[in-house]
Amino acid sequence: MKKGIVFLLLFSYTFAIVMPEGNLYKEKMELIKVKDELNEFYETKELEYLKKKQKLEKEYAKLQKELKKYEKIKQQSQNKLDRINREEVTKTIKLYDKMKLKVAVNIFERMIKQGQLDEVFDILIRLKTKRVMKILKKFDTKTSTKIMKKMRIIK
């Protein structure tokens, strides 16, 4: 009977030692499985991210191409507009050059009364010097002085 008790104690002691090791092994295997699942999940998400990134980069490249196209059109339109404005100014200057002195002075005085002194000045600086001197003589002293001050600033 003593042998049976000793055997039973030895058997239960051995079983007690094996059980915790078995639980540790089981937990270790579960952790490895969770780690593998997480790695797979992150790899999948990274692939999705890279695909989306490539798609966005393609769209960005398309947008940049379109933007360049529109900027080119904008520049061409601006060049045409500038050319038209230069032609308009040239025609206006020619018109004021050929206009009778009294009529031109009346128009300029009306423009000045409406607060368009800068516009009058822009026209005058493009006219021939002799013509400008004749026009300035017809203006009142105050207006002529303002215009002459602007001319000094420009020169």
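To the nearest 0.5 Å, atoms CZ (Phe108) and CD (Glu119) are separated by 11.5 Å. Taking CD1 from Ile107 and CD1 from Ile112, the interatomic distance works out to 12.0 Å, rounded to the nearest 0.5 Å. Leu56 contributes atom CG, which lies 9.5 Å from atom OH of Tyr49 (distance to the nearest 0.5 angstrom). Between atom CE of residue Met111 and atom CG of residue Asn106 there is a gap of 13.0 Å, rounded to the nearest 0.5 Å. To the nearest 0.5 Å, atoms NZ (Lys55) and CG (Leu50) are separated by 15.0 Å. A distance of 12.0 Å separates CG in Leu31 from NZ in Lys33, rounded to the nearest 0.5 Å.
Applying the salt bridge (charged side-chain N to carboxylate O under 4.0 Å, His left out) rule to Lys45 yields the partners Glu48; only residues at least two apart in sequence or on another chain are considered.
Counted within 6.0 Å of CD on Glu46, heavy atoms from surrounding residues, nucleotides or ligands total 12 or fewer; the atom is thus considered open. Atom CD of Glu57 has more than 12 heavy atoms from other residues, nucleotides or ligands within 6.0 Å.
Side chains of Ile125 and Val132 form no contact here, defined as non-hydrogen atoms less than 4.5 Å apart.
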Side chains of residues 58-81: which donor-acceptor partners sit under 3.5 Å, not counting sequence neighbours?
unit_1 : atom_1 : unit_2 : atom_2 : d
Tyr60  : OH     : Gln64  : NE2    : 2.9
Gln75  : NE2    : Asn79  : OD1    : 3.1
Ser77  : OG     : Ile73  : O      : 3.0
Gln78  : NE2    : Asp82  : OD1    : 3.0
Asn79  : ND2    : Gln75  : O      : 3.4

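Arg131 places a side-chain N or O within 3.5 Å of a backbone atom of Tyr96 that can act as its donor or acceptor partner.
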- Query: Would Thr143 and Glu109 satisfy side-chain contact (heavy atoms from CB on, under 4.5 Å), going step by step from the backbone distance to the final call?
  - Reply: CA-CA 9 Å; Thr143 306; Glu109 284 177 343; over 6 Å; no
Next item on the list: Could you please spell out the steps behind the salt bridge (charged side-chain N to carboxylate O under 4.0 Å, His left out) verdict for Glu87 and Arg83?
Entry: CA-CA 6 Å; Glu87 288 173 7; Arg83 184 177 45 81; 3.4 Å; yes
- [ ] Give the intermediate values and the outcome of side-chain contact (heavy atoms from CB on, under 4.5 Å) for residues Met99 and Leu95.
- [x] CA-CA 6 Å; Met99 197 180 284; Leu95 182 72; 4.0 Å; yes
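Tracing side-chain contacts under 4.5 Å through hydrophobic residues (I, L, V, M, F, W, Y), one never reaches Phe41 starting from Leu47; they form parts of separate clusters. Hydrophobic cluster membership is shared by Val103 and Leu101, with clusters built from Ile, Leu, Val, Met, Phe, Trp and Tyr side chains linked at under 4.5 angstrom.
Residues Ile147 and Phe139 share a closest heavy-atom pair of CD1-CE1, 3.6 Å.
For the pairing with Ile135, the side chain to side chain contact (heavy atoms under 4.5 Å, CB included) check across Val120, Ile123, Leu127 returns one residue only, Leu127.
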